[in-house]
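Only one structure is covered here, and it is reproduced in the block below.
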Amino acid sequence: MAWDIAVKTKVYHLLANEIFFRIYNGTYPPGVKLSSFPVFAKEVGSSPETVRKAISELQKHGIVERNRLGFFVTSNHEKVLEYRDSYLAAVEQRYFEAKQKVEETVLEINQGQF
């Protein structure tokens with residue numbers, strides 16, 4: 001049986017998730033201006049391009065808004081809740097997919113097919 005290892009999560013997605021949860025728990029409150037990409041990159045130990053992609057991902061979902069002064073956390077609490085719910089649904093889906101793989105492997109082992 002071949003190994004089925006797939007690392008699908010990009011670094012910028014991980015960073016976007018971390019930024020989102022800091023928004024959700026109030027570390028970055030509604031309306032706060034986020035640091036510039038280079039400053040943010042130094043804070044998180046990443047490249048400015050990774051930060052740009054992470055912020056862009058959050059901007060697509062309405063969690064971060066851009067104006068001529070920079071990037072700001074949305075004041076729309078409903079957007080934050082919608083994103084949280086979609087994130088949790090995706091995590092749940094990945095959990096069930098992984099659980100199914102484990103169950104299939106256990107069944108194969110028990111049937112001597114491994």
Side-chain angles (χ1 to χ4, degrees):
M1 180 178 185
W3 286 31
D4 185 17
I5 299 174
V7 179
K8 298 176 184 175
T9 306
K10 306 280 187 203
V11 173
Y12 75 90
H13 280 134
L14 296 173
L15 181 56
N17 290 341
E18 182 62 31
I19 294 168
F20 169 73
F21 282 106
R22 288 174 185 237
I23 291 168
Y24 184 70
N25 74 21
T27 303
Y28 302 133
V32 75
K33 182 178 187 222
L34 298 175
S35 300
S36 68
F37 295 158
V39 171
F40 215 135
K42 286 181 183 176
E43 290 174 10
V44 301
S46 185
S47 73
E49 180 62 13
T50 300
V51 171
R52 185 196 64 76
K53 287 180 178 180
I55 298 296
S56 178
E57 186 70 20
L58 294 172
Q59 190 180 5
K60 277 194 308 190
H61 296 282
I63 304 303
V64 171
E65 300 167 349
R66 181 180 183 184
N67 68 29
R68 61 185 175 81
L69 300 175
F71 292 90
F72 294 81
V73 174
T74 185
S75 296
N76 185 339
H77 189 64
E78 287 299 315
K79 285 284 187 190
V80 173
L81 294 178
E82 285 174 22
Y83 187 79
R84 180 205 60 192
D85 291 345
S86 68
Y87 174 82
L88 292 175
V91 168
E92 183 179 46
Q93 179 63 34
R94 287 193 305 270
Y95 164 77
F96 285 122
E97 290 169 0
K99 182 179 176 197
Q100 182 178 359
K101 281 185 180 182
V102 168
E103 289 170 350
E104 290 169 359
T105 302
V106 168
L107 185 60
E108 289 175 7
I109 291 171
N110 288 338
Q111 293 175 346
Q113 298 175 8
F114 196 76

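All heavy atoms count here, side chains included; hydrogens, waters and symmetry mates do not.
- Closest non-hydrogen pair, Tyr12 versus Thr50, comes out as CB-O, 3.6 Å.
- In Glu104, the CD atom is crowded: over 12 heavy atoms of neighbouring residues, nucleotides or ligands sit closer than 6.0 Å.
- Considering CZ of Arg84 and CD of Glu82, their distance stands at 10.5 Å, rounded to 0.5 Å.
- Tracing side-chain contacts under 4.5 Å through hydrophobic residues (I, L, V, M, F, W, Y), one reaches Leu81 starting from Tyr87; they form part of the same cluster.
- The side-chain hydrogen bond (donor to acceptor under 3.5 Å, both in side chains) contacts involving residues 28-38 comprise Ser35-Glu43, where partners must be two or more places apart or lie in separate chains.
- Checked for salt-bridge contact, Glu18 and Arg22 meet the test: a charged N lies under 4.0 Å from a carboxylate O.
- Heavy-atom minimum distance, Ser75 versus Gly31: OG-N, 3.8 Å.
- Across Ala54 and Ile19, no two heavy atoms sit closer than the pair CB-CD1, 4.3 Å.
- The salt bridge (Lys or Arg N to Asp or Glu O under 4.0 Å) pairs that include a residue from residues 52-69 are Glu49-Arg52, Glu57-Lys60, where partners are two or more places apart or lie in different chains.
- Shown here for Pro38 and Pro48, the closest heavy-atom pair between the two residues is CA-CG, 4.2 Å.
- Using the six-membered ring where Trp is involved, Tyr24 and Phe20 have ring planes that are parallel, under 30° apart on the 30 and 60° scheme.
- A heavy-atom distance below 4.5 Å is found between the side chains of Glu97 and Gln93.
- Linking Ile, Leu, Val, Met, Phe, Trp and Tyr whenever their side-chain heavy atoms come within less than 4.5 Å leaves Phe72 and Val32 in two separate clusters.
- Side-chain heavy atoms closer than 4.5 Å link hydrophobic residues (I, L, V, M, F, W, Y) into clusters, and following such links, possibly through other members, connects Leu88 to Val80.
- For the residue pair Thr27 and Asn25, a side-chain donor N or O sits within less than 3.5 Å of a side-chain acceptor on the partner.
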Where do Phe71 and Phe37 land on the ring-ring contact (aromatic ring centres under 6.0 Å, His included) test, with the steps shown first? CA-CA 10 Å; Phe71 292 90; Phe37 295 158; 5.4 Å; yes
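- Using a 4.5 Å heavy-atom cutoff, the side chains of Thr105 and Ile109 are in contact.
- One hydrophobic cluster, built from ILVMFWY side chains closer than 4.5 Å, holds both Phe21 and Phe40.
- Val39 and Leu58 are not part of a single hydrophobic cluster, where members link through side-chain heavy atoms under 4.5 Å apart.
- In this structure, Ile63 CD1 and Ile55 CD1 are separated by 11.5 Å, a value rounded to the nearest 0.5 Å.
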